[in-house]
2 protein chains.
Amino acid sequence: MKGESGSVGTLKRSRLATRERLLDAAGAVFAERGFAASTIEDVCERAGFTRGAFYSNFETKDELLVQLLDREEVKLLERFNAAVSQALQATEPLAVVVERIYDLQPFGADNYALRAELVFLALKDPKLATAYQAAREALRAKFGPFLIAALAARGLRLTVDPIDALDTLEAVFEASVRSSLIAGGSPNDRGSLAARMLPIIVLAVSAPI
Amino acid sequence: MKGESGSVGTLKRSRLATRERLLDAAGAVFAERGFAASTIEDVCERAGFTRGAFYSNFETKDELLVQLLDREEVKLLERFNAAVSQALQATEPLAVVVERIYDLQPFGADNYALRAELVFLALKDPKLATAYQAAREALRAKFGPFLIAALAARGLRLTVDPIDALDTLEAVFEASVRSSLIAGGSPNDRGSLAARMLPIIVLAVSAPI
DNA sequence: CATGTTCGATACACTCACGTATCGGATACG
DNA sequence: CGTATCCGATACGTGAGTGTATCGAACATG
């Protein structure tokens, strides 16, 4: 039945490759048209397959979305790991620390659209809601210690709940990215709302040790 | 051709009524399932009509959305007008001023979902993007003077661009509403991120005159 | 009361996406 | 070199949503 003796090497490799291609295509198509408006055939076409490939690898469009989100979350965390560990060693002025947030590039246009879609779906589907909250939790776990350490290196400490501080910074950053995208600009514009307000907010929620 | 001599009174009134019912239904259905996933028949069914009523009153689903957004924006501005003019007369402590923001109740669950959908669609459709920006502009025009006056009445002035201040407050407020909704709570929870952070932010962007 | 018009309901044809069942080429293996 | 298996392509049937064309009831009007 589930014969998997010989083909473990080559065959499985190509299978994984088509899966990746389908996920890549799904990311692009979902970001472009939105999840609900996207068609399984849209995704397959973009990936250069027919629907046969899809049904051979996934059950439903929903499963495709879930796997895509999982993969993207892993990617994002990897990027955070790299950028944060690098930033932790620097001892630059506060404004530069804030700039580091931009260098993390958490959102490109596609990433933002996908994330916005996730938020929207999470409003309706409790299952996605918990996935969303788990993803945010993971991000906070990464970024919270970074913020605290960066402040401590400058003789500062948080005066509010770290979670509140993170959520506030994230909210402003996200609003900034959104505004830039809707205005047609680049998502991580350094002349943006975030560039002006994030340093002020950081100072507002911290005090000398 | 466009005979409209006698029926101006009663007939048109009932026509407008079915239009309103369709718009009400559209607001509920779009918020519940999302615009793309919603069906014209869904909307008609919710309104208690068949599709005949829809095609007699609208051309496309897109037109329905645009008219819905127009109507909702008018409603929101009316609510702001009432609440703001009332709040302007009061001379309460700052925390209470912030609480007034909650009393404006800009977002219920449906309102938030609809707005999130609009943001999402605006990312793709330039036409909706300008509509979105116009709506925000109108809100800022209402709320900016209110904020400045409320601060002035307490001997404070803004130390940043008023637009930045407004956008920041809005971002945090929206993040707070979203978080409450996804967690399954009430949208305007007074124990929320916004309740804790908004006063701090207001102080951070203002100084004694 | 008769007539015309308006507007929502009904019926129908059509398209599109879906899911399944089957096929064929490529690859691993004896 | 023959054979089995895997996996994507192809070819259906099906259901749902759309838009149009037509119908009929309610109401206004003379």
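Owing to the predicted nature of the structure, the values given are computational and were not obtained by experimental measurement. Order of the sequence lines fixes the chain letters, A, B, ..., with proteins taken first and strands second; residue numbering starts at 1 for each chain.
Between B:Thr18 and the phosphate of C:dG8, there is a side-chain N or O to OP1/OP2 separation shorter than 4.0 Å. The phosphate of D:dA11 (OP1 or OP2) has no side-chain N or O of A:Arg51 nearer than 4.0 angstrom. Listed pair B:Asn57 / C:dG8 meets the phosphate criterion, a side-chain N or O lying under 4.0 Å from OP1 or OP2.
In the set D:dT18, C:dT20, C:dA9, the nucleotide with an atom closest to the side chain of B:Thr50 is C:dA9. For B:Ser56, taking side-chain heavy atoms from C-beta onward, the closest of the listed nucleotides C:dG8, D:dG8, C:dC18 is C:dG8. Here the side chain of B:Ala53 is nearest to one of C:dA9, D:dG19, D:dG8, namely C:dA9.
Note: CD (A:Glu41) to P (C:dA17) measures 7 Å, nearest angstrom. When rounded to the nearest whole Å, the span between CD1 of A:Ile40 and P of D:dG15 equals 18 Å. Between B:Leu16 atom CG and C:dG8 atom P there is a gap of 10 Å when expressed in whole angstrom units. If you take CZ of A:Phe49 and C1' of D:dC6, they are 14 Å apart, rounded to a whole angstrom. If you measure from atom CZ of B:Arg15 to atom P of D:dA26, you get 18 Å, rounded to the nearest angstrom. Following rounding to the nearest Å, B:Glu45 (CD) and C:dT10 (P) show an atom-to-atom distance of 13 Å. As a whole-Å value, the separation of B:Glu20 CD from C:dG8 P is 13 Å. Rounded to an integer number of Å, the gap from A:Phe54 CZ to C:dG19 P is 8 Å.
Side chains of B:Phe35 and B:Val29 form no contact here, defined as non-hydrogen atoms less than 4.5 Å apart.
Side chains of A:Glu63 and A:Gln67: a donor-acceptor N/O pair is present below 3.5 angstrom, by distance only.
With values rounded to the nearest 0.5 angstrom, B:Leu22 atom CG is found 6.0 Å from B:Asn57 atom CG.
Annotation: side chain to side chain donor-acceptor pair (under 3.5 Å) contacts of B:Asp161 (sequence neighbours excluded): none.
Looking at heavy-atom distances under 4.0 Å, A:Tyr55 makes contact with a base.
Evaluation of the salt bridge (charged side-chain N to carboxylate O under 4.0 Å, His left out) test over residues 47-56 of chain A, restricted to residues two or more places apart or in two chains, returns A:Glu41-A:Arg51.
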